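Report on one structure; see the data block that follows.
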Amino acid sequence: MPFTVAALNVMLSGPGDVKPYLDIVEGVVNDWNRERSKYSSAVLIPRHWSTDSVSSFSLGPIGW
């Protein structure tokens with residue numbers, strides 16, 4: 001059943017040697033969404049710089 005929520009980006013970041021811990025944090029965020037998003041009217045969207053960012057060089061020159 002549909003419901004209205006506010007979507008909030010949660011930036012996850014850290015050096016490569018903490019990736020297992022970032023995976024745990026992302027799992028906790030997903031668990032929170034499953035259990036509480038409907039009643040809190042908020043959804044947390046886990047983001048990580050390695051998968052959810054774009055280099056400004058790939059966008060081309062500014063103004064084009």
Side-chain angles (χ1 to χ4, degrees):
M1 176 145 298
F3 56 97
T4 303
V5 297
L8 306 168
N9 290 314
V10 178
M11 178 57 81
L12 305 178
S13 182
D17 62 338
V18 299
K19 176 148 178 27
Y21 300 105
L22 292 175
D23 292 340
I24 291 170
V25 171
E26 185 172 359
V28 169
V29 169
N30 290 330
D31 289 345
W32 189 94
N33 284 331
R34 271 191 301 283
E35 297 171 10
R36 297 182 178 87
S37 61
K38 183 174 182 178
Y39 303 105
S40 67
S41 298
V43 171
L44 304 176
I45 303 171
R47 305 284 189 184
H48 192 273
W49 69 268
S50 66
T51 57
D52 296 304
S53 62
V54 177
S55 167
S56 61
F57 293 113
S58 67
L59 299 177
I62 296 175
W64 285 41

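In this chain, residues are counted from 1 in sequence order. This is a predicted model, so every value here is computed, not measured.
- Sorted by first and then second residue, the salt bridge (Lys or Arg N to Asp or Glu O under 4.0 Å) pairs with a member in residues 4-19 read Lys19-Asp23; sequence neighbours excluded.
- With sequence neighbours excluded, no residue satisfies side-chain contact (heavy atoms from CB on, under 4.5 Å) with Ser41.
- When all heavy atoms of Ala42 and Trp32 are compared, the pair lying nearest together is O-CZ3, 3.4 Å.
- Atom CG in Asn30 sits 10.5 Å away from atom OG in Ser37 (nearest 0.5 Å).
- Every residue two or more places apart in sequence or in another chain that forms a side-chain hydrogen bond (donor to acceptor under 3.5 Å, both in side chains) with Ser50 is listed here: His48.
- The side-chain hydrogen bond (donor to acceptor under 3.5 Å, both in side chains) contacts involving residues 2-14 comprise Asn9-Arg47, where partners must be two or more places apart or lie in separate chains.
- Residues forming a side-chain hydrogen bond (donor to acceptor under 3.5 Å, both in side chains) with Arg36 (at least two apart in sequence, or on another chain): none.
- Placement of Trp49 and Leu22 in two distinct hydrophobic clusters is found when ILVMFWY residues are connected by side-chain heavy-atom separations under 4.5 Å, directly or transitively.
- A distance of 9.0 Å separates OG1 in Thr51 from CG in Leu12, rounded to the nearest 0.5 Å.
- Minimum heavy-atom separation, Asn33 to Leu44: ND2-O, 2.6 Å.
- Residues Val29 and Pro46 come closest through the heavy atom pair CG1-CD, 3.9 Å.
- Under the side-chain contact (heavy atoms from CB on, under 4.5 Å) criterion, Tyr39 pairs with no residue, sequence neighbours left out.
- Cluster membership check: Ile45 does not share its hydrophobic cluster with Ile24, using side-chain heavy-atom separations under 4.5 Å among Ile, Leu, Val, Met, Phe, Trp and Tyr.
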